[in-house]
Amino acid sequence: MQPYSPDKPSAPRREGVKFEDVRLYLVERKMGRSRRSFLTELARSKGFIVEDVLSDVVTHVVSEDSQASSLWAWLKGGSVKNLPVMHVLDISWFTDSMREGKPVAVETRHLIQVCICFLNYSFTCTSGFSLQDAFEVLAESHEFNDMEGPCLAFRRAASVLKSLPWTVQNLRVTEDLPCLGEHSMCVIEEILQHGRSFEVEKILSDERYQILKLFTSVFGVGPKTAEKWYRRGLRSFSDVLAEPSIHLNRMQQSGFLHYGDISRAVSKAEAQALGNIIDEAVHAITPDAILTLTGGFRRGKDFGHDVDFIVTTPQLGKEERLLTSVIDRLKHQGILLYCEYQASTFDESKLPSHRFEAMDHFAKCFLILRLEDSQVDGGLQTAEEDRRGWRAVRVDLVSPPVDRYAFTLLGWSGSRQFERDLRRFARMERRMLLDNHALYDKTKKEFLAATTEKDIFAHLGLEYIEPWQRNA
DNA sequence: CGGCGTACG
DNA sequence: CGTA
DNA sequence: GCCG
């Protein structure tokens, strides 16, 4: 088992690795392709890990570019999130390390203007921040401190601000908005007056927040695991990966293995390419199958962190078989990199009424698929130096029986906050229970059928809300 | 002062 | 605990 | 932290 080996064809052979906790990345610009290849081979021959692609597993960025500002501009242009915890180094650190045959301690003379750029980095973060971003930071910070109430309150505040058709320019307009109380209004006032929030900036500059944010960005790592690693003194991915007592589960292994790919946004063209792949597979198995793109892309977003599809067939009860066949087919195509399959059946004993048929299968799966560059219209959006010709993408497939299609569509179209609010509304205001499978009226003690999303909104006594209006 | 979405592995 |  |  090699949970730590990077998913690059030119990955350094494992037997030669001497320094597990150091991962180099050589910046090609100013260095040139051939010199970069030469230095890469040199370092690998001395037992160093050299990454071909810049991602958050990298611990030491080495550049020959002395123009600090343009280097940092380039680094920030990428999607790397842990710049504050990376060493960004001069070539002198590299040559010293090669001479010694081991990574030498990082000294001030090796650093490329770290202090100035570090400040600049957090500055661009905050100044480029919108009000809603500020509230997301507050929410996240409270989540990391295990304060679920305040976390949720700030998430709602962020959603309310996001849903406004205008940009907030004075306090007056926000005065009678829901979910904005005393604390939130103070934050808004501060940002409107000074362009920044002391509280938010304190959080952003907090080491614990930065590290927990980094750790939880790995698929399979949540706040509790991140906190556990932080308490044990671990501060970087390499700390975690080099710690022999840490046992990563299957999800976390995939999370690290494909980190660079799945932490990068998925474009609409990539989502469509995946749609073609799934469409081909589904219809080869069941000609009259129905495939629907859902999730953020159904809400009209241009980018997402994954791609969600609903797969079903008009023949009731055949849908679970369809999903397993699709997974098998993807496996045989060699593009299935990770699969967590959930074959679920409705547990009617838990429900207040027992009027449902017994055969109520409702299968879903969380996948990581290999998407080829050639399959994407306009090509994959990758870094210049990434010559693999493919990327990994998170894909979710859910396969309801057709008679529950509307509930599944509503439940998987999101956003997360919209789903929460809708379910809370159903429970609190209508005494109804809503989930991905059904809508139950507690007063009438009966399930309410629906063939379209409009039916469900009607049952709830709500105006229909278009998918692109559900971002909050 | 209690509740905060719901369901699965 | 993690995922959606 | 905000709301019923």
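No experiment lies behind these values; they were computed from the predicted model shown. Residue numbers begin at 1 in each chain, while the letters A, B, ... track the order of the sequences. Hydrogens, waters and symmetry mates are skipped; everything else that's a heavy atom, side chains included, is used.
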* Asked: Has A:Arg235 got its NZ or CZ under 6.0 Å from the middle of the six-membered ring of A:Tyr230, at an angle within 45 degrees of the ring axis?
  ->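 Yes, a cation-pi geometry.
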Picking from [options], which would you name as closest to the side chain of [X]?
| X | options | value |
| --- | --- | --- |
| A:Lys224 | B:dG5, C:dG2, C:dA4 | C:dG2 |
| A:Gln342 | B:dG5, B:dC8, C:dA4 | B:dC8 |
| A:Met251 | D:dG1, C:dT3, B:dG3 | C:dT3 |
| A:Pro223 | D:dC2, C:dG2, C:dA4 | C:dG2 |
| A:Glu419 | C:dG2, B:dG5, B:dT6 | B:dG5 |
| A:Ala153 | C:dG2, C:dA4, D:dC2 | D:dC2 |

Taking the basic N atoms (NZ, or NE/NH1/NH2) and the acidic carboxylate oxygens, is any pair closer than 4.0 Å for [X] and [Y]?
| X | Y | answer |
| --- | --- | --- |
| A:Arg250 | A:Glu340 | no |
| A:Arg208 | A:Glu227 | yes |
| A:Arg388 | A:Asp373 | no |

* Between A:Leu434 and A:Glu340, which is nearer to the 5' end of DNA chain B once each is assigned its nearest nucleotide? -> A:Leu434
Pick base, sugar-phosphate or nothing for [X], based on heavy-atom distances below 4.0 Å to the nucleic acid.
| X | answer |
| --- | --- |
| A:Gly149 | base |
| A:Gln252 | nothing |
| A:Val221 | sugar-phosphate |

Check whether any side-chain nitrogen or oxygen of [X] sits under 4.0 Å from OP1 or OP2 of [N], and answer yes or no.
| X | N | result |
| --- | --- | --- |
| A:Arg394 | C:dA4 | yes |
| A:Arg427 | B:dT6 | yes |
| A:His305 | C:dA4 | yes |

* Could you tell me how the ring of A:Phe237 sits relative to the ring of A:Tyr259: parallel (under 30°), tilted (30 to 60°) or perpendicular (over 60°)? => perpendicular
* D:dG4 and B:dG5: how far apart are their P atoms, nearest whole angstrom? -> 14 Å
* Please measure how far the P atom in C:dA4 lies from the corresponding atom in B:dC4, and state the result in whole Å. => 23 Å
